[in-house]
Structure formats: structure tokens, C-alpha cells
A.B. asks: 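Submitted below is the structure of interest, expressed as C-alpha cells.
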Amino acid sequence: MRTLIVFNVIQILLIAALLIVIKKWVHSERAQRALLLIAPLVTILFHYSSFLYRLLFTGGGIAYLAETPNLILPIYPCNVVMWCALFYGLLPSKDGKFALLLSDYVFWFGIASTLVGMFANVDFIMNPTLADYEVTKSIVAHATLLFNVLLIPVLGLLRPNFFRNMRNMVISVLAMYVIGLYCNLVFEALVSAQKAYDVNSMFIIHSPFEGLPFLRYPVIAALGLVVYFIIFTVCDVLRTPRGDRWFDRARTFFRKDKTT
């Protein structure tokens, strides 16, 4: 695990240096739009690089695709974040409700899923070496996605608002549950119930943690919402003047409700 930690620290330092350069030198809207589009495309390229190599040069692309479920469907949160980052980059306006939903989802869900994918990488745990391209590719793809996620606040596109943030996180966890149910159903219908169990999209069927069978997606999502509630409350306290914070507004609302 020491090798994985050192490798990821190096990647994070490189990402930080690149973001500092972007923050200092990239100011035009055209350049920012290009970055938001290129970054997810780089991640997608890494994600599919083994498949593309086999498809173009060895003839084993289809077999590899069949053995790698998350290339077919977005079975894990980071897969969904990757595609949502691309959709966000393609949007002509970053100010609409859907754009704000995507930016909230990509950043807040992306931070957790990319860091887990980097520091608790399943491929590395199963095969602890960076000499295997499949392992290295998996880690680097999560790092490029982390860069994409962090572009949002660096470019000034993260707009904290307690009520919108919480609403969008609730929408996000429900959407992820629906996506997970769909993916599991597809594998069960087209392959077998055992395949759906093995894929375990969004960890709905069983817990990813040995010895903690209760820790499936509904519980993980509920715990995540509690963490987001705390984070968004802290952000609200730090950014919003007294009297206009979410709990002040809620208290005022309930007091008015009692007097009517």
C-alpha cells in the first residue's frame, strides 16, 4: 500500500501544480470551456484505453469488454461522475438549474469517489503492482477525474448554497440508486443473477465491506447525506452573514408559521 500512497501523493502534487497554473493564467471563457471538455475526454480515453488497444491491434476488444462490466454500464459512482463531467463540459451555459445540478454532483460526489478510487483502488489491492498497465490505468484515470472535479471550484463554478446543494445531493443519491437498480437488472436479465450479484452496481445487492453486511447503498447514501449536511452547514456559516444562514431562515419560517 505504501507504493500506492506515494504514487497518489505524486499525482495529487502534479494536479495541484497544474491547477495553480490554470488559476493564474487561464482567464478567458473560451479556454475554460475547452478545459472542462478536454479533461473528461482524457479520463474517458484512459478508462477505455485497454479496450481500444485490444480492439484496434489485438482483436480481443469484445472479449475484454465482456470481462469489464464498468466499460459497458456506469456501475460505480466514479463512472457516473465521469460521464456527467463530460455532459457538464458540453453545456453551453453553466448557470442553468441542470448545470448547477451537474456541477454539484460532479464536485461533491466526485471528490469522494475519485479519492476512494485512488487510495483504495480495488485493482491495486487485487494486484499490488504498478507494472501492470491495467492497475496503473485505473489509478491514473481516477486522478485525471479528480483534476476534472477540482476544475469546477478553480474556475469559480462552484456556487455554495445550502438549500440547493442539499436538494441536488438528495436528487443525486436517488438517481444513483435508480442507475444501480437498472444496471443490476440488465446483468441479471442478459447474463445471470450471479453476474448481477458479482457486478453489484452501486453496492445495492450486497455490502462491499466484509463483515458489514448492512452497509449497502441505502445506508451509505444516508450516511453520505449526513456528511453533506454537515459540510454544507459549515460552508453556510463561513460564507453567509448572521441572520441569513439556513437555520436562521428555517427558524424565521417556523416562527411565522406559528403566529399565523
Side-chain angles (χ1 to χ4, degrees), residues 4 7-53 68 70-124 130 133-160 165 168-169 172 175-176 179:
L4 179 63
F7 184 62
N8 281 326
V9 169
I10 293 172
Q11 289 193 106
I12 288 174
L13 290 175
L14 291 173
I15 289 169
L18 187 54
L19 289 172
I20 290 171
V21 170
I22 290 170
K23 181 70 174 178
K24 186 175 181 179
W25 296 104
V26 178
H27 302 296
S28 73
E29 184 177 346
R30 183 176 181 181
Q32 292 179 358
R33 288 182 179 278
L35 277 172
L36 289 170
L37 188 57
I38 292 170
L41 288 175
V42 170
T43 300
I44 292 170
L45 182 62
F46 268 111
H47 185 58
Y48 284 93
S49 58
S50 294
F51 164 69
L52 292 172
Y53 176 80
T68 315
N70 67 331
L71 295 181
I72 303 171
L73 291 172
I75 64 176
Y76 298 126
C78 52
N79 301 139
V80 183
V81 172
M82 177 182 72
W83 289 109
C84 284
L86 177 61
F87 296 151
Y88 181 70
L90 289 169
L91 290 176
S93 172
K94 304 297 188 285
D95 299 319
K97 289 184 178 180
F98 184 62
L100 290 173
L101 170 62
L102 286 181
S103 64
D104 284 346
Y105 173 77
V106 168
F107 180 75
W108 294 109
F109 258 85
I111 284 289
S113 61
T114 53
L115 290 176
V116 169
M118 290 172 68
F119 286 94
N121 188 272
V122 174
D123 293 320
F124 185 88
L130 296 177
Y133 177 74
E134 291 295 326
V135 176
T136 305
K137 181 249 321 181
S138 175
I139 302 169
V140 172
H142 282 93
T144 61
L145 185 57
L146 177 63
F147 169 76
N148 198 161
V149 166
L150 293 176
L151 270 178
I152 292 176
V154 166
L155 297 179
L157 297 170
L158 187 68
R159 296 157 191 177
N165 291 151
N168 287 345
M169 287 303 97
S172 297
M176 298 276 279
I179 292 170

A.B. asks: Quick one: closest heavy-atom pair of P74 and N79, and the distance?
C.D. replies: CA-CB, 3.6 Å
A.B. asks: Are any side-chain N or O atoms of T136 and backbone N or O atoms of Y133, one a donor and one an acceptor, separated by less than 3.5 Å?
C.D. replies: no
A.B. asks: Using every non-hydrogen atom in the two residues, find where L151 and A39 come nearest and quote the distance to one decimal.
C.D. replies: CD1-CB, 3.9 Å
A.B. asks: Taking all atoms of both residues into account, what is the closest heavy-atom pair of M169 and W108, and its distance?
C.D. replies: SD-CB, 3.9 Å
A.B. asks: Using 0.5 Å steps for rounding, measure from the NZ atom of K23 to the CG atom of L155.
C.D. replies: 7.5 Å
A.B. asks: Starting at CD1 of I44, measure out to OG of S49 and round the result to the nearest 0.5 Å.
C.D. replies: 12.5 Å
A.B. asks: With a 4.5 Å heavy-atom cut-off, do Q11 and L146 have their side chains touching?
C.D. replies: no
A.B. asks: Evaluate the side-chain proximity of L37 to L86: yes if any heavy-atom separation is below 4.5 Å, no if none is.
C.D. replies: yes
A.B. asks: Tell me if a side-chain donor or acceptor on N8 pairs with a main-chain N or O of M118 at a distance below 3.5 Å.
C.D. replies: yes
A.B. asks: How many angstroms lie between CZ in F107 and CG in N168, if you round to the nearest 0.5 Å?
C.D. replies: 14.0 Å
A.B. asks: So, S138 side chain and V135 main chain: donor-acceptor pair closer than 3.5 Å or not?
C.D. replies: no
A.B. asks: Indicate yes or no: at least one non-hydrogen side-chain atom of I15 is less than 4.5 angstrom from one of T144.
C.D. replies: no
A.B. asks: State the CG-CG distance between L13 and L18, to the nearest 0.5 angstrom.
C.D. replies: 12.5 Å
A.B. asks: Evaluate F109 against V80 for side chain to side chain contact (heavy atoms under 4.5 Å, CB included), listing each step before the verdict.
C.D. replies: CA-CA 10 Å; F109 258 85; V80 183; over 6 Å; no
A.B. asks: With heavy-atom distances below 4.5 Å as the criterion, would you say the side chains of F51 and T68 are in contact?
C.D. replies: no
A.B. asks: Is the shortest heavy-atom distance from the side chain of E134 to the side chain of S50 under 4.5 Å?
C.D. replies: yes
A.B. asks: Would you say the side chain of M176 lies within less than 4.5 Å of the side chain of Y105, judging by non-hydrogen atoms?
C.D. replies: yes
A.B. asks: Answer whether the closest heavy-atom distance between the side chains of I139 and L130 falls below 4.5 Å.
C.D. replies: yes
A.B. asks: Could you check if a side-chain atom of F119 sits within less than 4.5 angstrom of a side-chain atom of I12, using non-hydrogen atoms only?
C.D. replies: yes
A.B. asks: Looking at residues at least two apart in the chain, or sitting in another chain, which of them share a ring pair (Phe, Tyr, Trp, His ring centres under 6.0 Å) with Y76?
C.D. replies: F203
A.B. asks: Once you round to the nearest 0.5 Å, how far does CD1 of I38 lie from OG1 of T43?
C.D. replies: 12.0 Å
A.B. asks: Applying the side chain to side chain contact (heavy atoms under 4.5 Å, CB included) test to V154, which of L35, I20, L19 qualifies?
C.D. replies: L19
A.B. asks: Tell me the closest heavy-atom pair linking A99 and S93, and the distance in Å.
C.D. replies: CB-O, 3.6 Å
A.B. asks: For residues D95 and L100, report the shortest heavy-atom separation together with the two atoms involved.
C.D. replies: O-CD1, 3.9 Å
A.B. asks: Listed by chain and number, what are the ring pair (Phe, Tyr, Trp, His ring centres under 6.0 Å) partners of F147, not counting sequence neighbours?
C.D. replies: none
A.B. asks: Taking all atoms of both residues into account, what is the closest heavy-atom pair of G110 and V81, and its distance?
C.D. replies: CA-CG1, 3.9 Å
A.B. asks: Find the distance between CG (L101) and OG (S172) and round it off to the nearest 0.5 Å.
C.D. replies: 5.5 Å
A.B. asks: Taking N70's backbone N and O only, do any of them form a donor-acceptor pair with H47's side chain (distance below 3.5 Å, no angle check)?
C.D. replies: yes
